[in-house]
Amino acid sequence: DAGVTQSPTHLIKTRGQHVTLRCSPISGHKSVSWYQQVLGQGPQFIFQYYEKEERGRGNFPDRFSARQFPNYSSELNVNALLLGDSALYLCASSFYSGGTDTQYFGPGTRLTVL
Amino acid sequence: QKEVEQDPGPLSVPEGAIVSLNCTYSNSAFQYFMWYRQYSRKGPELLMYTYSSGNKEDGRFTAQVDKSSKYISLFIRDSQPSDSATYLCAMSPNSGGSNYKLTFGKGTLLTVNP
């Protein structure tokens, strides 16, 4: 079975631009979460979506938005990019089975903002 | 005070050594405790998953949770050079049966020398 896939692998943008990152969950998984991992730090929770609805949001500005599609894939959008947005953006999928909602991570998209 | 504290290391050990990795936390609502392994420039890979207090063993890996002390540990027996990676602890509360929001430590960089 294929794992979580993300695209693109790497991305270079300049300040003020907009970026869209994409994620396809493991087959059968209905939930997608997004995390930001700055170099030298652990991942930080941005969003979780389940059945196309936002289930949770972390402490990130409104420049960050996301959505989930009927096939459970997801997009993360970041507007008005800042230098501090440079990070590895991770997508995690899970089945959402209540108390044992184990999350499996994709390889990430490395975003560099110049 | 951060919710989850993890010594970032780096930790360097000879092949065959027993490795002990630890995290402390302050949020008594955390019920789910995980250890992820992350190789350089890759996404985190789930190693161990524990609910509430106790021990769990899987091959060379043992996870321990002491909720009274708010302290979790991962032990690696007979460490191998292939274990060289960053180890991240992660935890989440039991909010309505869903544990989607993971809070991570900074990660400990481990090098196992042949």
Side-chain angles (χ1 to χ4, degrees), chain A residues 3-7 9-10 21 23 25-26 29-51 53-60 68 74 87-112, chain B residues 2-10 21-25 27 29-52 56 58 63 72 74 85-110:
Chain A
V4 177
T5 58
Q6 293 185 243
S7 63
T9 306
H10 296 91
L21 310 180
C23 171
I26 291 171
H29 284 190
K30 300 180 179 180
S31 175
V32 168
S33 299
W34 288 95
Y35 290 80
Q36 180 196 63
Q37 186 176 23
V38 173
L39 194 64
Q41 303 291 321
Q44 275 203 296
F45 174 74
I46 309 176
F47 286 111
Q48 196 230 19
Y49 276 78
Y50 175 70
E51 293 281 16
E53 289 191 6
E54 183 182 303
R55 298 293 297 229
R57 172 186 284 256
N59 189 22
F60 279 81
Q68 187 177 32
S74 178
L88 181 68
Y89 287 85
L90 296 162
C91 173
S93 81
S94 55
F95 178 72
Y96 185 58
S97 56
T100 56
D101 192 17
T102 304
Q103 297 190 45
Y104 297 90
F105 284 84
T109 293
R110 185 161 299 280
L111 172 65
T112 302
Chain B
K2 285 197 158 220
E3 278 191 293
V4 179
E5 299 278 1
Q6 183 176 9
D7 186 343
L21 304 167
N22 313 294
C23 289
T24 58
Y25 63 95
N27 188 346
F30 287 143
Q31 298 281 348
Y32 297 88
F33 303 92
M34 287 137 279
W35 286 95
Y36 283 85
R37 178 174 62 194
Q38 186 174 27
Y39 292 111
S40 181
R41 298 188 173 270
K42 302 290 186 185
E45 167 196 12
L46 181 66
L47 276 178
M48 302 286 285
Y49 179 107
T50 311
Y51 173 66
S52 197
K56 186 173 184 179
D58 184 2
I72 71 170
L74 177 72
T86 295
Y87 289 80
L88 296 154
C89 63
M91 27 198 105
S92 66
N94 183 10
S95 42
S98 171
N99 64 340
Y100 59 85
K101 179 187 174 184
L102 297 179
T103 301
F104 283 85
K106 286 179 84 169
T108 300
L109 178 61
L110 170 68

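All values derive from a computational prediction rather than experimental measurement. Proteins get letters first, then strands, A, B, ... in listed order; numbering begins at 1 in each.
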Worksheet entry | Heavy atoms of other groups near F60(A) CZ, more than 12 under 6.0 Å | yes

Discussion item. Please identify, among P44(B), G107(B), A90(B), G105(B), the residue contributing the most non-hydrogen atom pairs under 4.5 Å to chain A.
Written reply: P44(B)

Worksheet item: What part of Q38(B) is in contact with chain A, defined as an atom under 4.5 angstrom from a non-hydrogen atom: side chain, backbone, both or neither?
Response: side chain

Item to complete: Give a yes or no on whether the backbone of Y50(A) and the side-chain of S31(A) come within a donor-acceptor separation of less than 3.5 Å.
Response: no

Item to complete: Select one option (side chain, backbone, both, neither) describing which atoms of Q37(A) are under 4.5 Å from chain B's heavy atoms.
Response: side chain

Worksheet item: When you measure from the side chain of Y25(B) to the backbone N and O of M91(B), does any donor-acceptor pair fall under 3.5 Å?
Response: no

Worksheet, complete the sentence: Residue set satisfying ring pair (Phe, Tyr, Trp, His ring centres under 6.0 Å) with Y87(B), at least two apart, ordered chain then number -> none

